[in-house]
Every structure is written in C-alpha cells, then in structure tokens.
Enquirer: 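Structure in structure tokens, see below.
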Amino acid sequence: MLDKILLTIGIVLYAVAVPYLEINDTHVFNPAWVAHARIHEVWQLFTNSSLGLVALWLTWFDSSGKGKASVIALLVTGGFLAAYLIQDLYGGSMVHPDGTEKALLGINVGVIGFGWVFASALFTLFRAGRRSA
C-alpha cells in the first residue's frame with residue numbers, strides 16, 4: 001500500500017498540480033511567450049497529465065503495474081530534472097521575469113518536488129523488482 005500511496009502522490013504532483021500552476025499568465029497565457037513556445041507548453045501538460053492517468057490506472061488496477069507506473073514517473077520528473085541541470089546550455093531559467101524564484105532553503109521548489117517524486121519512483125521501482133524476483 002505504501003508504494004501505491006507514494007506513486008499516487010507523485011502522479012498528482014506532475015499530472016494535476018503542475019498544470020494547475022502553469023495554466024495562467026505566467027506560462028500558457030503569457031503574452032511575452034511566442035506562440036510556438038506556448039504550444040509546446042500545452043503539449044507537455046497534456047502529455048504529462050495523460051501519462052499520469054495511465055500511471056494511476058497501472059498503480060491501482062494492474063497487479064503488476066507499479067513498476068511501469070514508477071518508470072513513467074521517472075521519465076516525467078527526470079525530464080524536468082535534466083532540463084533544469086542543463087538550463088545554461090539552452091538559456092532556460094526557473095527565475096521569473098521579476099527576478100524571483102520559488103525556492104525553499106535556497107533550492108528551487110520544482111527540484112525539491114520532482115526530486116522527491118524521482119526518488120520515490122526509484123524506491124517503488126526497486127521494491128517492484130524485488131517482489132517479482
């Protein structure tokens with residue numbers, strides 16, 4: 001049950017909370033963003049939320065699905081973490097135009113949240129692998 005709870009929390013974070021936080025004038029409706037960038041943002045939100053629905057189904061309704069749901073979480077959150085790590089290479093930033101950054105103890109909240117989901121997904125994947133062995 002612990003695995004299901006950890007996976008569900010992670011899925012809700014990337015499939016529900018992120019779209020809630022980004023469907024506004026700072027992201028999807030940001031007039032400073034070129035239209036092409038906005039379509040990529042909406043595409044990413046739809047894709048991650050759709051993957052989240054699949055992962056929820058795997059977690060709760062497929063007896064062998066927790067490992068697969070863990071891999072989906074690793075891909076979604078690992079993609080963000082990779083983009084964050086190489087942001088200087090492509091001119092990316094988590095700093096808002098007003099110079100602020102959502103951080104806790106000096107660490108970006110996206111890195112904290114998705115880092116936790118990534119670690120939880122590794123944990124549940126490891127446990128799923130041990131159970132099937």
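Note that the coordinates shown come from a computational prediction; the quantities given were computed from them, not determined experimentally.
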Enquirer: Restricting to non-hydrogen atoms, name the atom on Leu21 and the atom on Thr26 that form the minimum distance, rounded to 0.1 Å.
Expert: O-OG1, 4.3 Å
Enquirer: I need the minimum non-hydrogen distance between Thr59 and Lys66, along with the two atoms involved.
Expert: O-CG, 4.1 Å
Enquirer: Pair Ser64, Asp62 - check side-chain hydrogen bond (donor to acceptor under 3.5 Å, both in side chains), show working.
Expert: CA-CA 5 Å; Ser64 65; Asp62 182 341; 3.2 Å; yes
Enquirer: Can you get from Val28 to Phe46 by hopping between Ile, Leu, Val, Met, Phe, Trp and Tyr side chains that sit under 4.5 Å apart?
Expert: yes
Enquirer: With a cut-off of 6.0 Å (strictly less than), are more than 12 heavy atoms of other residues, nucleotides or ligands near NZ of Lys4?
Expert: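 Check passes, neighbour count above 12.
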Enquirer: On a heavy-atom basis, which atom in Ala15 and which in Gly52 lie closest, and how many Å separate them?
Expert: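 Minimum heavy-atom separation between Ala15 and Gly52: CB-CA, 3.9 Å.
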Enquirer: Please tell me whether Val109 and Met94 are part of a single hydrophobic cluster in this structure, the criterion being side-chain heavy atoms less than 4.5 Å apart.
Expert: yes
Enquirer: Mind running side chain to side chain contact (heavy atoms under 4.5 Å, CB included) on Phe61 and Leu56 for me, showing each step along the way?
Expert: CA-CA 8 Å; Phe61 301 109; Leu56 275 176; over 6 Å; no
Enquirer: With rounding to the nearest 0.5 Å, note down the distance linking CD1 in Ile11 to OG in Ser120.
Expert: 11.0 Å
Enquirer: Decide yes or no for Thr77 and Trp116: does some side-chain heavy atom of the first lie under 4.5 Å from some side-chain heavy atom of the second?
Expert: no
Enquirer: Answer with yes or no whether the hydrophobic clustering places Val16 together with Val18; edges join I, L, V, M, F, W, Y residues whose side-chain heavy atoms lie under 4.5 Å apart.
Expert: no
Enquirer: Out of curiosity, does Leu81 fall in the hydrophobic cluster containing Leu105 (side-chain heavy atoms, cut-off under 4.5 Å, transitive links)?
Expert: yes
Enquirer: At what distance, to the nearest 0.5 angstrom, does NZ of Lys68 lie from CG of Leu125?
Expert: 12.5 Å
Enquirer: Is Leu58 close to Ile72 at the side-chain level, that is, under 4.5 Å between some pair of heavy atoms?
Expert: yes
Enquirer: Please indicate whether His36 has more than 12 foreign heavy atoms, meaning atoms of other residues, nucleotides or ligands, lying under 6.0 Å from its NE2.
Expert: no
Enquirer: Of the non-hydrogen atoms in Ser70 and Leu7, which two are nearest, and what is the gap between them?
Expert: OG-CD2, 3.6 Å
Enquirer: With the side chain counted from C-beta on, respond yes when Arg38 and Phe29 share a heavy-atom pair under 4.5 Å apart, and no when they do not.
Expert: no
Enquirer: Answer yes or no: is there a donor N or O on one side and an acceptor on the other, between the side chain of Tyr90 and the main chain of Ala83, under 3.5 Å?
Expert: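 Side chain of Tyr90 to backbone of Ala83: a pair is present.
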Enquirer: Assess the residue pair Asn30 and Asp25 against the criterion (side chain to side chain contact (heavy atoms under 4.5 Å, CB included)); give the C-alpha distance rounded to whole Å, side-chain angles, the decisive distance to 0.1 Å, and a yes or no.
Expert: CA-CA 4 Å; Asn30 187 336; Asp25 61 350; 5.8 Å; no
Enquirer: Determine whether Tyr20 and Leu13 fall in the same hydrophobic cluster, where Ile, Leu, Val, Met, Phe, Trp and Tyr are linked whenever their side-chain heavy atoms lie under 4.5 Å apart.
Expert: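 No, no single cluster joins them.
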Enquirer: Which atoms form the tightest heavy-atom contact between Leu45 and Glu22, and what is the distance?
Expert: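 Heavy atoms of Leu45 and Glu22 come nearest at CD2-OE1, 3.6 Å.
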Enquirer: Heavy atoms, side chains only, cut-off 4.5 Å: are Asn108 and Ile112 in contact?
Expert: no
Enquirer: Taking all atoms of both residues into account, what is the closest heavy-atom pair of Ala55 and Ala69, and its distance?
Expert: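 Scanning both residues, the minimum pair turns out to be O-CB, 3.5 Å.
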Enquirer: Rounded to the nearest 0.5 Å, what separates atom CG in Leu75 from atom CG in Asn48?
Expert: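 It is 10.0 Å, given to the nearest 0.5 Å.
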